[in-house]
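The structure appears right after this line, and notes come after that.
Values below: every heavy atom of this structure, side chains too, minus hydrogens, waters and symmetry copies.
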2 protein chains.
Amino acid sequence: MDKREIILSVAMKLFGQKGFEGTSVRDIASGAGVNIAMISYYFGSKEKLFESVVEYKSSGMKMIVAELENSSVSSIEKIDRIIDSYIERMFSTPQFHHLLHRELSLDHRPQMHDAITEILLRNVVTIKSILQKGIESGDFKNVDPELTIATLIGTISHLLISETMCRKILQKGKDFNPFQSKKLKERVSEHLKQLMRSHLLESAKA
Amino acid sequence: MDKREIILSVAMKLFGQKGFEGTSVRDIASGAGVNIAMISYYFGSKEKLFESVVEYKSSGMKMIVAELENSSVSSIEKIDRIIDSYIERMFSTPQFHHLLHRELSLDHRPQMHDAITEILLRNVVTIKSILQKGIESGDFKNVDPELTIATLIGTISHLLISETMCRKILQKGKDFNPFQSKKLKERVSEHLKQLMRSHLLESAKA
DNA sequence: TTAAATTAATTAAACGTTTGTTTAATTTCA
DNA sequence: TGAAATTAAACAAACGTTTAATTAATTTAA
């Protein structure tokens, strides 16, 4: 593998685990097995490396959502697919999503803020449009589209953190485990799909 | 106001805005208008100051939830009150919740991790019990309790971040604003209550 | 009620580390 | 031979923390 890519993936892992300020350039260099000067050599600076990580990892985030908008499946089916698509992506790279949300909750690095915002908003616009078309066509009840999106993404996002929480607790040997049974991803998928059906469809159809 | 308290609230503000590593002891000292040595003098270290901030702010987080559990109101009414209670608290101190969730998404400072986990889990246990009783008594449908909680908290939590996002966008003068109309808090309350009614109650009752 | 004694609060300065970055020399490879 | 890749070493700046001296406040004793 290219040394540049090794640096990128090590940086992504460490930024995800310990945050931007919490990760030193020396950590990254030794983790990637390269000399510390190679980071400036390849990326210019620590901050530019961070931006490269975001760009690098988010390029793999292009979603089915865009293609979905004008496809011929039913409105509720579109929602189902969005749910599974988000679950799949967010659970497969939890560290990266930790990184994105952490950066959004911070006040400095406004440039990075904007870049991440733009990434996350891409899909939001599409999903909003799907919801609105569903409402207009009478497929969906007259719900609040933006807040419905917040519920979808927020539920998954919160679970990524909760899971971390629970793992910590289990390691400490306490006896409370909210995520015992069944595979978590399937559970979330089932929960969100049921939730959205109750939320979006008329009772008669439920 | 006590100088100790001034330091605590300045520290809470800065940790909330810039994160733990992103905030220097000198920032806090000058923000509070005290000598830099006072932080060691009062709190021992930067890390202990951080722990004090969490303890200080979370002591004000005792919820109505606990009292609610054995009260005589209906099951769905309990959920309504929990929703409003969470909205009120999380929107009134968004920085502190940013701080909590950011810390949870990080891998170091396991001790702090555990302290925050414990704070957040207090209410979760109670809400779970309310949901389970509602299910057993037939008031609620047979939903997934833990994931329902994730939806409640996750929706609000995600909105705190989304709002930040939107403010950034608006400053940049773009034309997309997902949170135009009406006061956000009321909107969220209405959305979540409707959502939970569809989710928890039988169609007949809806 | 004073004056001395004692403790607490506050300060400026310095400490040793660690930080991100750069330099200048060397190796690698085409 | 020449450009690209890699290195060890050094850089100044910022970091959290400590020191030792000074001022303020409180307690004790006459």
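Put simply, NZ on Lys48(A) is 16 Å from P on dG20(C), counting in whole angstrom units. The distance between atom CD1 of Ile28(A) and atom C1' of dT21(C), rounded to the nearest whole Å, is 14 Å. The CG-P distance, from Leu14(A) to dT19(C), rounds to 13 Å in whole Å. If you take CD1 of Ile7(B) and P of dG16(D), they are 14 Å apart, rounded to a whole angstrom. Here dA14(D) presents its C1' atom at 13 Å from NZ of Lys18(B), a figure rounded to the nearest Å. The CG atom of Asp27(B) sits 7 Å away from the P atom of dC15(D) (whole-angstrom rounding).
A donor-acceptor pair is defined here as one N or O able to donate and one able to accept, closer than 3.5 Å; such a pair exists between the side chain of Lys46(B) and the backbone of Phe20(B). When atom types are taken as modelled, the side chain of Ser85(B) and the backbone of Arg81(B) share no donor-acceptor pair closer than 3.5 angstrom. Between the side chain of Arg102(A) and the main chain of Lys18(A), no donor-acceptor pair closer than 3.5 Å is present.
In terms of position along DNA chain D, the nucleotide closest to Val34(A) lies nearer the 5' end than the nucleotide closest to the other residue of the pair Val34(A) and Arg26(A).
For the pair Asn35(A) and dA8(D), the criterion of a side-chain N or O lying under 4.0 Å from OP1 or OP2 is met.
Paired with Glu69(A) under the rule salt bridge (charged side-chain N to carboxylate O under 4.0 Å, His left out), one option of Arg122(A), Lys128(A), Lys133(A) passes, and it is Lys133(A).
The side-chain tip of Lys48(A) does not point at the ring of Tyr42(A) from less than 6.0 angstrom away and within 45° of straight on. A cation-pi arrangement is absent between Arg89(B) and Phe91(B), since the terminal nitrogen or guanidinium carbon is not both under 6.0 Å from the aromatic centre and inside a 45° cone about the axis.
Listed in residue order, the members of residues 36-46 of chain B having a heavy atom less than 4.0 Å from DNA chain D are Ile36(B), Ala37(B), Ser40(B), Ser45(B), Lys46(B).
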